[in-house]
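The block underneath contains the structure these notes are about, expressed in structure tokens.
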Amino acid sequence: MSTAITAPAPVMPAKHYLNDNYGIRSWLLTKDHKRIAILYLFSISFFFLLGGSFAALIRMHLLTPNGELFSADTYNKLFTMHGVNMVFFFLLPSVPATIGNFLVPIMVGTKDLAFPKINLLSWYLYMAGGICSLIAMISGGVDTGWTFYAPFSSGYSKTHVIMMAVGIIIAGFSSIFTGLNFIVTVHRMRAPGMTWGRLPLFVWSNYAASLIMILGTPVIAITLILLALERGFHIGIFDPKLGGDPVLFQHMFWFYSHPAVYIMILPGMGVISEIVPCFSRKRIFGYTFVAFSSIAIAVFGFVVWAHHMFVAGISVYSALVFSLLSYAVAIPSAVKVFNWTATMYKGSIEMTTPMLYAMAFIGLFTIGGLTGLFLAALGLDIHIHDTYFVIAHFHYVMVGGMVTAYLGGLHFWWPKMTGRMYPEAPAKLAAIITFIGFNLTFFPQFILGYMGMPRRYALYPPEFQVLNVLSTAGASILSVGFLLPLFYFVWSLKYGEIAGDNPWKATGLEWETTSPPPTHNFHQIPVVTKDPYAYGEEGEVPVVH
Amino acid sequence: MNLNFPIFPDQASSMAWHVDALYLFLVLITTFFSLLIAALILFFAIKYRRRPGHEAQQIHGSTLLEIVWTVIPLGISMVIFVWGAAIYYHMQRPPANALEIYGVGKQWMWKFQHPGGQREINTLHVPTGRPVKVTLISQDVVHSFFVPAFRVKQDVLPNRYVFAWFTATVPGTYHLFCSQYCGTKHSGMIGEVIVMNPEDYATWLASGKAEGSLASLGEKAFQQYGCTTCHRPDSGARGPNLEGLYGRPVRLVDNRVVLADDNYIRESILEPNAKVVSGFQSIMPTFRGVVSEDEIMAITEYIKHLSPQASNPLNNRSTPTDIRDNEVPNIQEQNKQQNQQQPQQTPQGTRPANPSGKKP
Amino acid sequence: MSTSQTTTSEHHPALAHQFDSMEQQQDASTFGMWVFLLTEIMMFGGLFTAYLIYRIKYYPAFVAGSTSISVSWGFANTLVLIGSSFTMAMAVWAAQTGRKKSQIWFLIGTMILGSVFLGIKAKEYYDKWDECHIPGHIIGKGFNTWGGCSATNKSLGNIAQEIVERGENNHEEIPLGAATQTAQQTEIFFSFYFAMTGLHAFHMIIGLGLLSWLLLRASRGEFSGQYFTPMELGGLYWHFVDIVWIFLFPLLYLISRHKGGI
């Protein structure tokens, strides 16, 4: 346990990265990875709220079977905008660009990322992409679905597809540069003594996600470029009328977009790997296995893309191969879930807000992941593909998984980033409300999907109404759960309890420096001698200063 | 609001319960493991809650446990994979005696043509107890033919035929959905599959004002577009004879062997120089923009009926790799022999792509 | 206890604050550039894969397309680019050995050769414009069924005619109808031709920009044996662009050329 003398009340450090420099130029031209993380935090929150608003409109529209709220065209734009915003401008950058940017250099024990200016460029590219996307939205929106299937998107849609595609391509480069930065930092800038086997699992996860970022994202870039060329110049790449092949678009699109979902979830899993040991006061069970499972997910994630295309007209043999490999990619995720659970065994557990989110993640991700097995089963996928079952599945892993992990991480590291604690009671309440709202929203969709309700439907047969109403009811609760943190986080900036260096008594280099950290992260670069998650060794990890 | 809501779809095809069995197995597995994990973490959170005097036990891990919980999920996954693959494989093999219906999807409706010439829009009448194979194509973007009650779905592509098959078992009216987003009225591209017992179905067939069977419509189109100019059974014809062609392997000028299926016939009409039959010249003009998808389907149906056998020889084969090499007559050999007798540029005496009556 | 922060009072002016030593900076920067080039390989790779898929699907048309672009100019460009890689490598060497004048001349040489490449490419593009081998129907001339101009001069760039003539040279009678269909399909070949060479040229233009910046810094004497990282990174980038061309040239100009004739 901690040293016997009552510790003095925590104090904000006099100088830290937030007050080191004032003025808008010091923020917009910053090279400090922590400030860039905060910039991202603002932008990502904006796009999350935007995407969430579209979701709210969708759920409201679906209260009645006859689609009385919006026209079909508007509805089609709503689900497209919801998907594009959430996938490209929220989920993909969420943990890596905010929490990852903030923590990866500190966790490996260095002053900044390898290429700070490129890090800032990443943010500007993200903003540029976001602005293009907003322009497309404001000019009337896009109605192709976030998947942009050809030939509809290249030859038939009358909306601003090219502008949106350009926005996504630019945001893709933002992602590539973030991934590049992480990889070089982890390889070349670890503190003395920080071997690969001592890296926090959060770093392993972000590293694995970065591998996917750099290898996969260029492919979506070229795919969208070709789509834009076809749409703009009427050349035949994907449109059969011009000699192209629509299935080729799907292959190229999913070659990136499947690994992309692992870019989204891996950093979230990294967050869980940090929270669970801390609030169990116990080292992670099976460190090596959890670390390598991240790499395995990254590798296997690249060879399963056509499981999105089982009914698209691929050959029987392709389908068999991709189905088999899709089961392989599920196994490392299962291994992580078991390891987290085993970490709690014989631990000393405190149910703080981050821990609540982590436990919710474990349960909801398990359900989401297992429903992926339904989709990987060929004969069954024929029935449930392109139905609400798929929607429920990916919302379970993305919202029940990823967003939950993101919120858990924000709460866990909020004291580190701001020097203030968030208020625990409203936070726990928000977590519980979110959990209830989430399940009520998405569980009925599994049933709807098996019943046969297709995706992207503005109207539906009346017998589906009850389940849709339940889902919308859940969504209204979920939105409350998501909005509450906005309020109490902002409140905490002024009125939150001062956190001190290590309010959670957690291990990890980030907790060895002040909250908020100084601009150069450490007053002196640490030398690492202990394993990560060395909980239980006198309570605090002695790191040699 | 309609308070009478079902939570499980109708089972109206022979495949439905197979798919449902796998689904229920997966539901059990999911429920079991989700509840297990949820129960464990809640149990641990309570049993090992933070309290004075109880310290966490630092456990590094257990390789044995890691192996166990890797191998068991892998084993279960393999069972699911094989089960799912078996169902899928069956879905890709329509039986030989299937009733063949043609379907065209376009923004935003479905059109079906029965072999008897009956046409339907957004409705499809089928009998119970008989396999039905729907050959589908799109006129514009990618659609998807989805009948939840049959557990059948197939994306419908432009420029390429695909098929879906089912055997309806329970009379009734079931939803037909388009399940691949296709634009404004995607959710309006729905219809009904009306399953009737055989007597009622026969009555329905007889009641419509068909202009003649689909094959006879195809024959009319075949003559109207001048196909008979070259595709004749006599010697000196400039195009291959189409009798007995459908479902047979065909040798091309570059020595490739392909199967004369629906896609082959369609391609030969729209892009005739893509696959030129061995022994013939590439002189056929394209009919792209001239002939509609409906007409192509009718012509295909007509060509199918030019086979001496009534049944469709195609259904038990899906790929040309099934074709054994000695089944394909060596047109070039035959032509060489012909040319030695009469030295002329064009092949003397037209050989059909496959002489009928030879081994299958 | 111990610290690993550099305490030498003579900090190289180019040492960035996040790095502990010039060696670490050089190491990390080079590694970073390799990772970036890997992403570029994935991007071009996607494009090449699509190209190869269509090559298989429309084989005769792609043969005709390949034959209609000039192997001589393509070969000239290859030599030019290889030459520019040589001058670039020499520029990096000059930086490493602190030869300021050589750095400048070699950089200028590289830029000149790069510009020559772009000039030849522009000429090739102009030829395609002249023969109306421009895919799509937005840009002026349009692609016709015979793969040539919609103008009154039907002989210029008439791929269908070329196919028939090549057939005659090979003692094959290719009917005009078949040749016309093949010629129409060459539109897809040209789509890829322009996309691939266009993307490549775009990278070259960026490369020229980078070289100008390097030239500026070199002329200020910023590079030496202690610090030549930017030159090395510029060299890596330039060599990469060269290698992409080494793949482009055979894939577009050379494959199956013999089947199409000269």
Side-chain angles (χ1 to χ4, degrees), chain A residues 31 33 105 109-118 173 176-177 179-181 183-185 187-189 191-192 210 213-223 225-226 229-230 232-238 242-245 248-249 251-252 255-256 520-522 524-527 529 544-545, chain C residues 1-6 16-20 23-51 53-54 57-58 61 134-139 142-143 181 184-196 198-199 202:
Chain A
K31 292 197 298 241
H33 64 100
T110 185
K111 283 173 270 187
D112 206 315
L113 286 174
F115 309 116
K117 288 188 243 184
I118 292 186
F173 279 102
I176 290 174
F177 287 134
L180 189 156
N181 239 326
I183 289 175
V184 179
T185 305
H187 272 276
R188 290 283 185 262
M189 294 178 69
S210 300
M213 278 186 234
I214 59 157
L215 292 173
T217 319
V219 179
I220 191 73
I222 194 68
T223 307
I225 289 174
L226 287 175
L229 286 177
E230 173 162 285
F233 298 120
H234 295 305
I235 56 180
I237 317 266
F238 305 122
L242 303 169
D245 186 355
L248 179 64
F249 178 84
H251 277 294
M252 292 180 75
F255 185 82
Y256 164 72
H520 289 290
N521 295 340
F522 302 97
Q524 266 190 341
I525 295 288
V527 173
T529 54
V544 181
H545 276 291
Chain C
M1 274 284 303
S2 63
T3 169
S4 62
Q5 200 155 22
T6 315
H17 75 279
Q18 69 270 20
F19 292 117
D20 296 328
E23 194 191 304
Q24 186 189 40
Q25 176 170 302
Q26 154 94 0
D27 205 17
S29 306
T30 317
F31 184 51
M33 183 46 112
W34 279 106
V35 172
F36 175 69
L37 294 180
L38 185 57
T39 72
E40 294 278 292
I41 290 175
M42 292 306 290
M43 189 159 80
F44 277 98
L47 192 49
F48 283 22
T49 306
Y51 170 78
I53 290 173
Y54 280 114
K57 187 172 177 191
Y58 293 119
I134 309 282
H137 303 290
I138 303 290
I139 303 179
F143 210 87
Q181 286 179 43
Q184 245 248 294
Q185 287 166 354
T186 60
E187 186 173 8
I188 297 190
F189 171 83
F190 288 110
S191 303
F192 277 99
Y193 171 79
F194 283 107
M196 288 158 82
L199 190 62
F202 175 68

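Just so you know, these numbers come straight off a predicted model, no measurement behind them. Just so we're on the same page: letters track the sequence lines, and every chain starts at 1.
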Examine whether an atom of A/Leu248 lies under 4.5 Å from a heavy atom of chain C, and if so say whether it belongs to the side chain, the backbone or both; otherwise answer neither. side chain
So what's closer than 4.5 Å to chain C heavy atoms on A/Phe115: side chain, backbone, both or neither? both
Nearest non-hydrogen partners of A/Ala114 and A/Thr185, listed with the distance: N-OG1, 3.0 Å
What part of A/Met189 gets within 4.5 angstrom of chain C, counting heavy atoms only: side chain, backbone, both, or neither? both
Which pair of non-hydrogen atoms, one from A/Gly179 and one from A/Ser210, has the smallest distance, and what is that distance? O-CB, 3.5 Å
Would the distance check show the side chain of C/Gln18 and the main-chain N or O of A/Lys111 forming a donor-acceptor pair, the cut-off being under 3.5 Å? no
Could you tell me which portion of A/Phe249 (side chain, backbone, both or neither) has an atom closer than 4.5 angstrom to a non-hydrogen atom of chain C? neither
Side chain from CB out, backbone as N, CA, C, O: work out which of these in A/His251 comes under 4.5 Å of a heavy atom of chain C, or both, or neither. neither
Kindly check if the number of other-residue, nucleotide or ligand heavy atoms within 6.0 Å of CZ (A/Phe522) is above 12? yes
Which region of A/Ile183, side chain (C-beta onward) or backbone (N, CA, C, O), has a non-hydrogen atom less than 4.5 Å from a non-hydrogen atom of chain C, or is it both or neither? both
Any side-chain to backbone donor/acceptor pair from A/Thr110 onto A/Pro105? Under 3.5 Å, distance only. no
CD1 (A/Ile214) and CG (C/Leu37) are apart, to the nearest 0.5 Å, by 11.0 Å
If you tally heavy-atom pairs under 4.5 Å against chain C, which of A/Val219, A/Leu215, A/Leu113 wins? A/Leu215
Heavy atoms only, distances under 4.5 angstrom: which of C/Phe36, C/Tyr58, C/Tyr54 has the most pairs with chain A? Name it, please. C/Tyr54
Give, as side chain, backbone, both or neither, the part of A/Leu242 having an atom under 4.5 angstrom from any heavy atom of chain C. backbone
For C/Leu47, is it the side chain, the backbone, both, or neither that has a heavy atom closer than 4.5 Å to a heavy atom of chain A? both
Top contributor to chain A interface from C/Ala28, C/Gly46, C/Ala16 [non-hydrogen pairs under 4.5 Å]: C/Ala28
Which bit of A/Leu229 comes within less than 4.5 Å of chain C, counting heavy atoms only: side chain, backbone, both or neither? side chain
Could you state the interatomic distance from CE (C/Met43) to OG1 (A/Thr223), rounded to the nearest 0.5 Å? 11.0 Å
Selection from C/Thr49, C/Ile188, C/Ile53, C/Ile41 maximising heavy-atom pairs under 4.5 Å formed with chain A: C/Ile188
Sort C/Gln185 into side chain, backbone, both or neither according to what part of it lies under 4.5 angstrom from a heavy atom of chain A. neither
Please check if the side chain of C/Gln24 supplies one atom and the backbone of C/Phe19 the other of a donor-acceptor pair under 3.5 Å. no
Should the pair C/Tyr193 and C/Phe189 be assigned to parallel (<30°), tilted (30 to 60°) or perpendicular (>60°) ring geometry? parallel
Where do A/Glu230 and A/Phe238 come nearest, in terms of heavy atoms and distance? OE1-N, 2.6 Å
Heavy-atom pair of closest approach, residues A/Pro192 and A/Pro526: CD-O, 3.7 Å
Contacting moiety of C/Phe192, where chain A heavy atoms sit under 4.5 Å: side chain
Counting heavy-atom pairs under 4.5 Å to chain A, which of C/Glu187, C/Glu40, C/His17, C/Lys57 comes out on top? C/His17
At a 4.5 Å cut-off on heavy atoms, which part of A/Asn521 comes close to chain C: side chain, backbone, both, or neither? neither
